[in-house]
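This report concerns only the one structure given below.
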Amino acid sequence: MFKKLCEKSFPKSLWVYHCNVGACNGCDIEVIDVLTPYYDAERFGIKLVASPRHADVLLVCGPVTRQVVPALKRLYEAVPDPKLVIAIGSCAVGGGIWFDSYNIVGGADTILPVDYYIPGCPPRPEAILHGVAVALGLAEKEIESVHLKQLLDRPESVPVEVESLYS
Amino acid sequence: MNAQQLGENIKQRFAAKVIDFETLGSDQLYVTITPDSLVEVAEHLYQDQGCRYVINGGTDRRQQRDAFLITHFFAQDEEKIYIAVHTEVGADDPQVDSITPVIPAANWSERETRDMVGVVPVGHPDPRRLVLSDDWPEDLYPLRYDVAHDVHPPPAEGVAPERLEPPEGASVVPIGPFFPVLEEPAYFRVFVEGEQVVGADYRGFYSHRGIEKLGCSVLTYNQVPFIAERICGICGYVHSCSYCQAAERAAGIEVPDRAEYIRTIMLELERLESHTLWLGIAGHIIGFDTVLMQTWRMREPLMWLCEQITGNRKTYGMNLVGGVRRDIKPEIYGDLRGVIDKIGDEWAELAEAIPGDSTLMARLQGTGILTPEVARARGAAGPTARGSGLAIDVRVDHPYAAYDRVEVNKCVYDSCDNRARARVRLGGTIDSINIIHQALDDMPDGPIMAEIDEELPAGRQAMSAVEAPRGEVFHWVLTGAENRPERWRVRAPTYANLQCVPPMLVGNALADVPISIGSYDPCFSCTERMEVVDVNSGQVRVYTEEQFRAEYDQPGAK
Ligand code: SF4
């Protein structure tokens with residue numbers, strides 16, 4: 001069903017907006033790599049745009065840090081519907097090696113609905129291309145989804161005594 | 001002069017104020033002084049001994065000594081010495097004199113120590129929050145031993161960054177926090193009058209991931225290189241290398257020769273990768289996408305080569321304490337030389353074409369001026385410093401790995417503008433290729449890992465620096481119990497270089513702002529605040545959102 005929707009909503013070219021929400025840069029560099037001559041994503045009509053308001057797809061890289069949350073929410077709202085969110089890299093997929101650090105909220109899906117996950121640290125350019133091609137309905141998905149067991153309980157937004165946070 | 005003599009000099013001059021000093025080899029000096037003499041000693045090192053300020057770090061030692069340890073790091077580049085100035089402050093009254101009034105470069109790191117360890121720098125011109133999120137509770141300090149690495153205070157509502165009022169008469173051009181030119185989040189608000197920049201503010205630290213805490217609380221010695229490499233996805237190898245060298249030095253581990261050569265080669269390959277990447281991005285920033293496409297095309301075979309050597313295109317996972325995990329097999333020397341020579345040829349063409357391109361030069365020449373005085377006062381490193389005529393390069397000044405056995409050429413230019421910084425990198429790339437060839441020529445045979453005991457001894461310390469593509473990366477390791485560092489302090493070059501940005505922007509045309517920022521090759525994931533340049537006095541102050549608002553909401557505020 002979703003695939004059909006995609007085919008209908010994004011029949012020609014995908015415009016993507018890339019955001020780094022606390023990544024180490026490794027994933028971001030590979031995203032750019034995909035757009036340069038060897039991988040040349042533009043041949044599939046994929047174009048990196050400078051404003052979220054022009055975008056069909058949001059590419060999220062990195063573990064979501066505490067500081068980034070409000071900005072990321074606003075960014076998501078700025079992308080016009082219908083939109084896709086693709087999480088790129090192990091960090092965006094589930095928090096990566098930082099998943100339980102004090103300043104990390106988690107993977108991108110703790111804040112946004114994520115449609116596609118492309119794991120890897122960093123994912124190879126081929127993997128990124130494949131992921132986007134799957135989203136476009138140009139390629140088939142190759143693995144089943146797995147539920148991540150690392151999910152954590154995070155406190156709600158209620159005031160607590162700072163003292164109680166010391167062990 | 002070696003470390004021992006410098007220590008004696010300091011002891012002689014400050015007598016009883018110097019509690020103790022020790023050395024590690026002839027190039028590392030650790031001085032412990034009384035808290036009341038900190039400013040004097042720091043000023044003496046900085047002014048009279050010609051030392052360069054590196055960074056400040058705080059350690060919670062309440063488990064051992066009922067005190068916090070505050071350490072300021074300096075480098076004396078001519079004498080090839082690194083100096084750590086330790087001072088202990090009582091746990092019941094965590095305060096220490098600020099040295100920022102005499103050494104401006106200490107500004108950020110003293111505040112970081114306050115945020116992370118809770119030791120207040122008294123007399124700091126701007127003692128406000130720097131690293132932690134605005135909704136982080138006031139008196140919770142993540143680097144204290146009794147705060148868990150996975151503590152998650154509930155988010156507070158209503159502290160989302162607010163729009164700030166521009167100075168009177170100026171307009172605001174916001175850039176970020178997500179923007180397509182640089183890959184990382186950072187939020188600049190540039191204040192302009194017409195086309196002229198009159199000030200700027202910066203909110204960073206969006207990428208703060210709590211790496212030092214993880215390294216000192218849950219990881220073991222050999223897991224840290226893995227996470228150190230992910231401090232930065234462009235120059236990660238320098239971090240794992242620097243960490244490993246510090247740990248090895250502290251534990252007295254001799255690294256086999258061959259491993260040192262392999263590290264040297266990998267470091268230079270990473271520099272090649274980073275410089276080609278930078279040139280592409282710089283081209284993109286000034287709207288010359290051909291440069292981006294060309295340099296990234298040149299760079300791609302290098303990525304494949306690294307994959308062939310290490311198994312991954314980036315984040316190589318090559319280093320461990322004691323050596324490297326993978327050999328560079330003689331079979332691939334040929335491929336390696338082929339790839340770098342090809343880059344060298346193409347790069348030489350580019351390096352010739354670029355100065356001849358008048359449009360490009362017009363964008364680079366005379367823009368983004370950083371004077372040598374500001375560069376030194378703010379602790380600039382690497383190509384940023386070398387573009388301002390400061391001849392510092394860790395590979396020459398404090399040789400590590402196999403750099404004492406190869407010839408390294410410091411590329412120094414003194415025109416202080418964006419062009420100078422570009423030329424440093426253009427020249428540095430050719431130099432890297434030469435270094436790799438030299439290293440391959442003399443590479444000795446032998447093991448690549450040292451034999452080491454299960455546990456490293458506790459209570460030892462060592463410093464280590466590596467010249468990253470962006471400048472000096474500095475690590476300090478204090479070994480601890482449970483097979484992990486008690487404290488691991490990291491300074492990335494952008495931490496220092498970014499502090500030079502606001503004074504440099506003032507007076508430029510707005511259109512030159514992106515390339516001026518880009519010319520530093522900033523790497524926010526290593527660094528991560530908000531700065532305001534006072535329009536009238538040119539003074540830089542750093543604010544939290546709330547204080548900012550308070551200040552700028554007042555009628556008649558600057
Ligand atoms: S997945 Fe790996 S490469 Fe990507 S941001 Fe995370 S640590 Fe960096």
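Letters A, B, ... are given to chains in the order of the sequence lines, protein chains preceding strands, and every chain is numbered from 1.
Contact annotation for B:Arg297: both backbone and side-chain heavy atoms come within less than 4.5 Å of a heavy atom of chain A. Contact annotation for A:Asp40: neither backbone nor side-chain heavy atoms come within less than 4.5 Å of a heavy atom of chain B. Contact annotation for A:Cys121: both backbone and side-chain heavy atoms come within less than 4.5 Å of a heavy atom of chain B.
Scanning all heavy atoms of the two residues, the minimum distance from A:Tyr102 to B:Pro142 falls at CZ-CB, 3.5 Å. Closest approach of A:Asp33 and B:Glu300 over heavy atoms only: OD2-OE1, 2.8 Å. Shortest non-hydrogen contact noted between A:Pro122 and B:Asn312 is CD-ND2, 4.4 Å.
Between atom CD1 of residue B:Ile234 and atom CG of residue A:Asp28 there is a gap of 8.0 Å, rounded to the nearest 0.5 Å. Atom CG of A:Leu35 is separated from atom CG of B:Leu292 by 9.0 Å, given to the nearest 0.5 angstrom. One finds the CD1 atom of A:Ile29 at 9.5 Å from the CD atom of B:Glu273 (value rounded to the nearest 0.5 Å). Taking CD of A:Glu30 as the start and CZ of B:Arg313 as the end, the distance is 4.0 Å to the nearest 0.5 Å.
Ranking B:Met293, B:Gln294, B:Lys213 against chain A, the residue ahead of the rest is B:Met293, based on heavy-atom pairs under 4.5 Å. In terms of non-hydrogen atom pairs under 4.5 Å with chain A, the most contact-rich of B:Ile227, B:Asp289, B:Thr315 is B:Ile227.
Remark: A:Tyr76 OH is packed, more than 12 non-hydrogen atoms of other residues, nucleotides or ligands lying under 6.0 Å away. For CZ of A:Arg43, the number of neighbouring non-hydrogen atoms (other residues, nucleotides, ligands) closer than 6.0 Å is greater than 12.
Side-chain atoms of A:Arg124 and B:Glu307, non-hydrogen and from C-beta on, do get closer than 4.5 Å to each other. Under the 4.5 Å side-chain criterion, counting only non-hydrogen atoms from C-beta, A:Cys91 is not in contact with B:Arg230.
Side chain of A:Ser101 to main chain of B:Leu214: no donor-acceptor pair is present (N/O by atom type, distance under 3.5 Å, no hydrogens or angles). Of the possible donor and acceptor atoms, none in the side chain of A:Asn103 sits under 3.5 Å from a partner among the backbone N and O of B:Arg209.
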*asked:* Does B:Ile281 form a side-chain contact (heavy atoms from CB on, under 4.5 Å) with A:Ile32? I'd like the steps, not just the answer.
replied: CA-CA 10 Å; B:Ile281 298 286; A:Ile32 303 197; 4.1 Å; yes
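In this structure, A:Tyr38 has its ring center at least 6.0 angstrom away from the ring center of B:Trp296.
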